[in-house]
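Below, all heavy atoms of this structure are taken into account, side chains as well, without hydrogens, waters or symmetry copies.
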Amino acid sequence: MNYKVGVIGIGRVGLPLCLSLNKNGVTAIGFDINQAVIDMVNNKKMPFHETGYDELITKVDFTATSDLSRIKEVENLVITVGTPLLAHIETDLTQLNAVLKSITPHIQEGHNIILRSTVAPKTTMYVHHYLELNTNFKIGKDIFLSFCPERIAEGKALVELETLPQIIGSLDAESGRRAEEIFSKLTKKIFHTNYISAELVKLFNNIFRYINFSISNQFAIIAENFDANIYEILRMTNYEYPRGQISSPGFTAGTCLRKDFGMINETIPYSDLLLNAWKVNEFIPKFLVDKLMLQTPIYGKKIGVLGYSFKNDTDDTRDSLVPKMIRYISREVPSKLMIHEPFINGQLDGVFDNHSLENVLTESDVIFIALNHTPFKQNIKTIIEQAKDNCVFVDYWNVSGNDKIIFSKKNWKK
């Protein structure tokens with residue numbers, strides 16, 4: 001075998017893992033079905049932004065391929081494809097099933113298989129049963145299986161892959177040992193447990209953050225209902241208070257936070273804290289549009305939107321709440337809608353034109369500051385000054401420091 005690790009799916013989870021393993025002396029190869037991504041990687045270019053990897057990819061000996069027959073050259077297979085949430089709160093195993101079907105003919109005795117992406121409870125056991133039913137091998141005897149979740153924050157992979165503890169979920173000691181042999185090259189902090197507990201560790205991490213952000217958003221709605229200033233309240237609430245800090249309100253989304261509650265929620269028939277957190281966070285785009293409409297109509301006006309990705313300083317648009325807000329804006333029939341996303345070149349999701357910042361600022365009657373991107377924060381004075389004199393801003397992230405969700409240019413405190 002020529003490679004210690006083969007990573008199936010070289011996206012935002014798989015590719016940083018490959019490159020960091022190579023950086024730490026572990027031979028790795030990437031597998032993917034997207035030829036454009038494969039070509040970029042083999043030409044030493046990152047297909048997306050992840051801090052530190054533009055330089056790293058030029059230094060390591062790494063290859064990507066679509067040829068799954070080369071699995072025979074690999075000792076350990078790490079599966080990183082996603083398990084999204086379907087519209088009716090049901091985990092979607094389509095991508096995982098496609099991978100399992102594709103790799104099963106190539107699995108050989110001794111292969112160690114690792115699930116890496118976020119999965120619903122019992123998914124690893126599902127893979128366990130699938131492999132045993134569709135091969136002649138037994139898990140823990142002939143081939144090996146574990147769930148080893150990634151818990152990195154996007155943009156921090158280079159650091160967090162080597163600092164965060166690694167959870168390894170397996171049902172037999174040899175599967176756990178083989179997984180530890182890989183991940184001990186990245187971090188010395190390793191915990192062993194079973195499939196379910198490892199799956200829940202990842203889900204609980206994300207759901208805890210999601211619920212906490214929903215509390216901040218709920219507080220913002222409550223404050224507005226009482227005509228109180230949420231930003232002033234939070235400053236006083238958090239100042240030198242020793243029992244927990246409340247986050248600032250904002251869009252809460254992304255491929256993990258927006259869906260992971262559902263992987264638990266699909267197993268119960270009643271409403272609960274997790275579902276209610278989802279409802280609060282999902283309501284914010286409409287909340288902002290409705291609040292604007294109380295002050296000024298959208299109909300017939302030119303609307304600008306600054307930011308399109310799912311969080312600040314990333315080019316990742318997956319499960320962003322901004323498109324949802326744009327749909328609510330569109331329902332009110334503006335004369336023109338312009339979006340500017342500084343971290344993306346070209347069209348946005350193949351749907352929207354990515355306008356220049358200058359065009360958005362000089363033409364818009366209303367501007368939604370949809371993301372707290374660093375370029376917006378650093379240049380907020382210029383952004384507001386270049387806007388039309390009668391422009392109205394919707395600034396839920398308080399990027400302007402004006403302490404108002406909605407304000408006009410003439411009322412901005414410089």
List the steps and the verdict of side-chain hydrogen bond (donor to acceptor under 3.5 Å, both in side chains) for D395 and S400.
CA-CA 7 Å; D395 183 18; S400 65; 2.7 Å; yes
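- Remark: the backbone N or O of Q166 is not paired with any side-chain donor or acceptor of T187 at under 3.5 angstrom.
- In terms of modelled atom types and a separation under 3.5 Å, the side chain of N238 and the main chain of Q245 share no donor-acceptor contact.
- With rounding to the nearest 0.5 angstrom, the CZ atom of R178 is 11.0 Å from the OG atom of S146.
- At least one donor-acceptor pair under 3.5 Å links the side chain of D32 to the backbone N or O of I10.
- Other residues, nucleotides and ligands contribute only 12 or fewer heavy atoms inside 6.0 Å of the NZ atom of K185.
- Note on ring orientation: taking the six-membered ring where Trp is involved, the planes of F261 and Y210 are parallel (angle under 30°, cut-offs 30° and 60°).
- For the pair I369 and I383, the minimum side-chain heavy-atom distance is 4.5 Å or more.
- In this structure, CG on L93 lies 5.5 Å from OG1 on T123, to the nearest 0.5 angstrom.
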Given the rule in the side-chain contact (heavy atoms from CB on, under 4.5 Å) test, do I303 and E332 qualify, once you have shown the distances and angles that lead to the verdict?
CA-CA 11 Å; I303 308 298; E332 303 302 329; over 6 Å; no
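- When side chains are defined from C-beta on, L288 counts as touching I405, because their heavy atoms get closer than 4.5 Å.
- K324 contributes no side-chain N or O that, together with a main-chain N or O of F283, makes up a donor-acceptor pair within less than 3.5 Å.
- D316 has a carboxylate O that lies under 4.0 Å from a charged side-chain N of R12, or vice versa, which qualifies the two as a salt bridge.
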Would L292 and F368 count as a side-chain contact (heavy atoms from CB on, under 4.5 Å) here? Give the steps.
CA-CA 10 Å; L292 172 68; F368 287 79; 3.5 Å; yes
Working for side-chain hydrogen bond (donor to acceptor under 3.5 Å, both in side chains), residues S175 and D172
CA-CA 6 Å; S175 290; D172 65 273; 2.8 Å; yes
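- Two residues are said to be in side-chain contact when any heavy atoms from C-beta on lie closer than 4.5 Å; D365 and V392 fail this criterion.
- L100 contributes atom CG, which lies 11.0 Å from atom OG1 of T135 (distance to the nearest 0.5 angstrom).
- Residue I215 qualifies as enclosed at atom CD1: its count of foreign heavy atoms under 6.0 Å is above 12.
- For the pair T252/V280, no side-chain contact is recorded, criterion being any heavy-atom separation below 4.5 Å from C-beta on.
- Taking both residues in full, the closest heavy atoms of I168 and C148 are given as CG1-SG, 3.8 Å, listed atom of the first, atom of the second, then distance.
- At a threshold of 4.0 Å, the pair R177-E174 counts as salt-bridged, since one of the basic side-chain nitrogens sits closer than that to a carboxylate oxygen.
- Atom-to-atom distance recorded for I113:CD1 and I143:CD1 is 4.5 Å, nearest 0.5 angstrom.
- Look at K311 and E154 and you find no salt bridge, because none of the NZ, NE, NH1 or NH2 atoms lies under 4.0 Å from a carboxylate O.
- Residues Q386 and L357 have side chains not in contact (no heavy-atom distance under 4.5 Å, counting atoms from C-beta outward).
- Side-chain contact between I264 and P121 is present, with heavy atoms from C-beta onward closer than 4.5 Å.
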Considering only distance and modelled atom types, tabulate donor-acceptor pairs under 3.5 Å from the side chains of residues 72-79, sequence neighbours left out.
unit_1	atom_1	unit_2	atom_2	d
K72	NZ	S69	O	3.2
E73	OE1	N2	ND2	3.2
E73	OE1	R70	NH2	3.4
E73	OE2	R70	NE	3.0
E75	OE1	K4	NZ	3.3
N76	OD1	N112	ND2	3.0
N76	ND2	K4	O	2.7

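- The residues E282 and R258 are annotated as salt-bridged, a charged nitrogen and a carboxylate oxygen being separated by less than 4.0 angstrom.
- For H340 and E358, the side-chain atoms include no donor-acceptor pair closer than 3.5 Å.
- S197 and N194 are linked by a side-chain donor-acceptor pair at a separation below 3.5 angstrom, with hydrogens and angles left out of the test.
- Pairing each heavy atom of I211 with each of A277, the nearest pair is CG1-CB, 4.0 Å.
- The side-chain contact (heavy atoms from CB on, under 4.5 Å) test with M46 singles out one residue from T58, V41, D54, and that residue is D54.
- At most 12 heavy atoms of other shown residues, nucleotides or ligands fall within 6.0 angstrom of atom NZ in K156.
- Of the N and O atoms on the side chains of T91 and E266, at least one donor lies less than 3.5 Å from an acceptor on the other residue.
- No donor-acceptor pair under 3.5 Å is formed between the side chain of N217 and the backbone N or O of N281.
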Side-chain donor-acceptor distances from residues 343-352 under 3.5 Å, at least two apart:
unit_1	atom_1	unit_2	atom_2	d
Q347	NE2	D353	OD1	3.3
D349	OD1	T317	OG1	2.6
D349	OD2	Y308	OH	3.0

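- Side chains of E341 and V322 form no contact here, defined as non-hydrogen atoms less than 4.5 Å apart.
- For the pair L158/E50, no side-chain contact is recorded, criterion being any heavy-atom separation below 4.5 Å from C-beta on.
- M40 and P47 get closest at one heavy-atom pair: CE-CA, 3.7 Å.
- E199 contributes a side-chain N or O that, together with a main-chain N or O of K122, makes up a donor-acceptor pair within less than 3.5 Å.
- A donor-acceptor contact closer than 3.5 angstrom links the side chains of S20 and Y53.
- What you find for F62 and C18 is that their closest heavy atoms are CE1-CB, 3.5 Å.
- If you take CD1 on I103 and CG on L131, they are separated by 6.5 Å, rounding to the nearest 0.5 Å.
- Minimum interatomic distance between G250 and Y396 (heavy atoms only, all atoms of both residues): N-CE2, 3.3 Å.
- Applying the 6.0 Å contact sphere to NZ of K59 captures no more than 12 heavy atoms from other residues, nucleotides or ligands.
- Without hydrogens or angle criteria, N398 side chain to N402 main chain gives a donor-acceptor distance under 3.5 Å.
- Inspection of the T296 and K301 side chains reveals an N or O donor paired with an N or O acceptor under 3.5 Å.
- Salt bridge K377/D313: absent, no basic N to carboxylate O contact under 4.0 Å.
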Apply side-chain contact (heavy atoms from CB on, under 4.5 Å) to V127 and F147, showing your working.
CA-CA 10 Å; V127 175; F147 176 63; over 6 Å; no
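- Remark: R243 is positioned above the aromatic ring of Y241, its terminal NZ or CZ atom under 6.0 angstrom from the ring centre and at most 45 degrees off the axis.
- Under a cut-off of 6.0 angstrom, the local environment of CZ in R209 is sparse, with at most 12 non-hydrogen atoms contributed by other residues, nucleotides or ligands.
- Taking 4.0 Å as the cut-off between side-chain N and carboxylate O, K202 and E150 count as a salt-bridged pair.
- Across F137 and I107, no two heavy atoms sit closer than the pair CE1-O, 3.5 Å.
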Verdict with reasoning, I367 to C391, per side-chain contact (heavy atoms from CB on, under 4.5 Å):
CA-CA 7 Å; I367 293 176; C391 185; 3.8 Å; yes
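- H128 places no side-chain N or O within donor-acceptor distance of the main-chain N or O of L171, the cut-off being under 3.5 Å.
- Put simply, CG on L145 and CG on L115 are 6.0 Å apart, with the number rounded to the nearest 0.5 Å.
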